[in-house]
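What follows is one structure encoded as structure tokens, with my remarks underneath.
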Amino acid sequence: MNHLAVDLEGAALYFEGARHGISTGAVHLIYRNPMTGKSMSQADIERTEKEISKSILDALTKL
């Protein structure tokens with residue numbers, strides 16, 4: 001069905017949305033690279049989460 005997700009929760013969200021004819025979406029913040037071991041600082045994670053939250057709310061209010 002051409003589904004693409006980076007985790008099981010996202011895959012389930014997309015699958016169930018498609019099954020019920022509902023548009024779905026997800027935002028994923030990947031803050032640690034398991035291949036290199038590099039991670040974002042806690043401050044950067046918190047700042048980015050706030051920016052993402054604001055973007056999601058802005059988008060939802062325009063629907």
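On a predicted model such as this, the values are computed, not experimentally measured, just so you know.
Applying the side-chain contact (heavy atoms from CB on, under 4.5 Å) rule to Glu9 yields the partners Asp7; only residues at least two apart in sequence or on another chain are considered. The salt bridge (charged side-chain N to carboxylate O under 4.0 Å, His left out) check on Lys62 picks up nothing, with sequence neighbours excluded. Scanning for salt bridge (charged side-chain N to carboxylate O under 4.0 Å, His left out) contacts around Glu46 gives an empty result, with sequence neighbours left out. Here Asn33 pairs with Met35, Thr36 under the side-chain contact (heavy atoms from CB on, under 4.5 Å) rule; sequence neighbours left out.
Hydrophobic side-chain contacts under 4.5 Å tie Val27 into a cluster, directly or through other members, with Leu29, Tyr31, Met40, Ile45, Ile52, Ile56, Leu60, Leu63.
Between Pro34 and Arg32, the closest side-chain pair of non-hydrogen atoms falls below 4.5 Å.
Note on residues 33-45: pairs passing salt bridge (charged side-chain N to carboxylate O under 4.0 Å, His left out), not counting sequence neighbours, are Asp44-Arg47.
Note on Lys54 versus Glu51: no salt bridge recorded, every NZ/NE/NH1/NH2 to OD/OE distance being 4.0 Å or above.
Ala26 and Tyr14 make their closest contact through CB-OH, 3.3 Å (heavy atoms, listed as atom of the first residue, atom of the second, distance).
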